[in-house]
Amino acid sequence: MISRIDLRGDALPEGPALRALLPRADFDVAAALEKVRPICEDVHHRGDAALIEYAERFDGVRLDQVRVPAAALKEALAGLDPLVREALEESIRRARLVHSAQRRAPHTVQVVPGGKVTEKWVPVERVGLYAPGGRSVYPSSVIMNAVPAQEAGVGSMALASPPQADFGGLPHPTILAACALLGIDEVYAVGGAQAVAMFAYGTETCAPANMVTGPGNIWVAAAKRYFTGRIGIDTEAGPTEIAVLADDTADPAHVASDLISQAEHDPLAAAVLVTDSVALADAVAKELEPQVAATKHVEDRIVPALKGRQSAIVLVDGLQEGLRVVDAYGAEHLEIQTADAAAVAERVKNAGAIFVGPWAPVSLGDYCAGSNHVLPTGGCACHSSGLSVQSFLRGIHIVDYTREALADVAHHVVTLAEAEDLPAHGAAVKARFGWKVPGQ
């Protein structure tokens, strides 16, 4: 059901050569970009009319308006299963605990007497949040996007989620209920690239946003790339992925269940086990069969994901080699199921989030750990972080110098300006001292 890659015996290559040996899904955002371009520009020129047309074409629903009425949000919350509401409220509570600790305070550095630089943190003014609505419903993604934005102090936020034919053209009611719990009252029944375009350009109904965050399919990722530079984005989220670094102390039933838990997202989802134990590899492969047979979404998601080129059991010579492999892979979710897992986790350099030991499965992080589950995919963890309060903040330097402090460094400024052949830069300083800079 899952292939093997044997990296034992020979010395592991470095950098790109090692990454090329590891499994990865095909996810061609560049090719999708050309297909979303006309959709985005159509929304630019026709606004809500284009959004309504695309809802009918792509989602099979005919909308009268794209904004969700306030009454629908209240109705969705009132009709929410009490157990689901309790779970969502606990997820929100824990997420707030973690994300509120990420707030940043202004910080002033006294560079010299009379010269100081302060860095203040200012939230973006308006954010568009995206909650997917394809194969599954993701109220957890509403929480993971909204809570850090709220804790950052974002003043205006709107959420888009695809219209559902089963619910009269509204987004899934659990999505709407999550919005109501979080106090998000501006919600749109819009999906895909057209939702990103709505936030980027604005329409008659929806004001433009400064930033768009949230996971989505390849069309959402392509639209984010299309608008990079016009708006801020969190990441071009690709198919979800899990890597498990494990030794012979790991429970194969746990490892198999965790691989399956990610595979049920999507046929392109990646499930990777990295281990130096052939016995564990054999046991996990054996465990997959009955566990897969006993669950849901088998033929349309789990089996294609586990059999796909993006999933594999990777055999290595030892823990050190295993660490090199998982760092080269840069997993969205990385589980450490080894002896002394906490110490091993400290040695990892590249991962979106790390889950330590047998009692911290990725599923916990998806919902109720308090951490954020909007994480970099496709190896982007080597340069990017998951969504956080910091994602919604901008650092602004405030430079405050007295005449004396400028005079003390003016000759250095002029010298550097002349070294760069930018004499007007130096002249701007000289003008403050009657064209004679102290020290020159």
Side-chain angles (χ1 to χ4, degrees), residues 39 43 47-81 84-85 87-89 91-92 126-147 149-150 156-200 202-207 209 212-221 223-224 234 237 265-266 366-367 373-374:
I39 293 173
V43 173
D48 288 350
L51 298 175
I52 290 170
E53 182 180 308
Y54 289 125
E56 187 168 18
R57 183 191 305 182
F58 297 134
D59 303 300
V61 296
R62 180 67 185 178
L63 302 176
D64 294 324
Q65 60 181 21
V66 293
R67 181 158 179 174
V68 175
L73 296 169
K74 294 179 181 178
E75 183 179 344
L77 183 57
L80 186 63
D81 183 318
V84 176
R85 177 168 182 160
L88 289 174
E89 288 174 337
S91 178
I92 293 168
R126 178 169 166 81
V127 172
L129 311 177
Y130 187 79
R135 291 182 173 87
S136 298
V137 54
Y138 294 102
S140 58
S141 288
V142 180
I143 295 170
M144 298 297 170
N145 280 273
V147 168
Q150 290 174 336
S156 173
M157 99 182 42
L159 181 135
S161 191
Q164 306 286 318
D166 292 342
F167 301 105
L170 295 174
H172 194 286
T174 313
I175 294 286
L176 301 183
C179 290
L181 283 173
L182 288 157
I184 301 172
D185 58 9
E186 186 181 348
V187 181
Y188 297 90
V190 183
Q194 56 272 29
V196 181
M198 174 185 72
F199 287 136
T203 69
E204 306 94 309
T205 304
C206 179
V212 173
T213 70
N217 59 21
I218 192 168
W219 312 115
V220 172
K224 284 182 175 181
D234 51 348
H265 275 287
D266 188 277
D366 282 343
Y367 300 115
H373 80 200
V374 182

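When a residue number appears, it is its place in the shown sequence, counting from 1. Since the model is a prediction, treat every value here as computed from it, not as a measurement.
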Which value, rounded to the nearest 0.5 Å, describes the distance between [X] atom [atom1] and [Y] atom [atom2]?
| X | Y | atom1 | atom2 | result |
| --- | --- | --- | --- | --- |
| D48 | E53 | CG | CD | 13.0 Å |
| L73 | L181 | CG | CG | 10.5 Å |
| L176 | L77 | CG | CG | 10.0 Å |
| Q194 | R57 | CD | CZ | 9.0 Å |
| R85 | L88 | CZ | CG | 9.5 Å |
| I52 | Q65 | CD1 | CD | 8.5 Å |

Spell out, as yes or no, whether a donor-acceptor pair under 3.5 Å connects the side chain of [X] to the backbone of [Y].
| X | Y | value |
| --- | --- | --- |
| K224 | G214 | yes |
| N217 | V220 | yes |
| R67 | T205 | no |
| S161 | A131 | yes |
| Q150 | G183 | no |

For the student: nearest non-hydrogen atoms of [X] and [Y], plus distance:
| X | Y | result |
| --- | --- | --- |
| M157 | A149 | CE-CB, 3.6 Å |
| V190 | P163 | N-CD, 3.9 Å |
| S141 | H373 | OG-NE2, 3.1 Å |

Any chance CD of E75 has more than 12 other-residue heavy atoms, nucleotides or ligands included, within less than 6.0 Å?
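Check fails, neighbour count at 12 or below.
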Do other residues, nucleotides or ligands put more than 12 heavy atoms under 6.0 Å from the OH atom of Y367?
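Open.
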Please lay out, stage by stage, how F58 and I39 fare under the test side chain to side chain contact (heavy atoms under 4.5 Å, CB included).
CA-CA 12 Å; F58 297 134; I39 293 173; 4.0 Å; yes
Between Y130 and P162, is any pair of side-chain heavy atoms under 4.5 Å apart?
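Y130 vs P162: side chains touch.
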Indicate yes or no: at least one non-hydrogen side-chain atom of V66 is less than 4.5 angstrom from one of T203.
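A side-chain contact under 4.5 Å is absent here.
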Kindly determine whether L129 and I184 satisfy side chain to side chain contact (heavy atoms under 4.5 Å, CB included), including the steps that lead there.
CA-CA 10 Å; L129 311 177; I184 301 172; 4.2 Å; yes
Angle between ring planes, Y188 versus F199, binned at 30° and 60°: parallel, tilted or perpendicular?
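The arrangement is perpendicular - the two ring planes meet at more than 60°.
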What's the verdict on side chain to side chain contact (heavy atoms under 4.5 Å, CB included) for D366 and S140, showing C-alpha distance, side-chain angles and the deciding distance?
CA-CA 7 Å; D366 282 343; S140 58; 5.8 Å; no
Given V374 and T213, is the side chain to side chain contact (heavy atoms under 4.5 Å, CB included) satisfied, shown in steps?
CA-CA 9 Å; V374 182; T213 70; over 6 Å; no
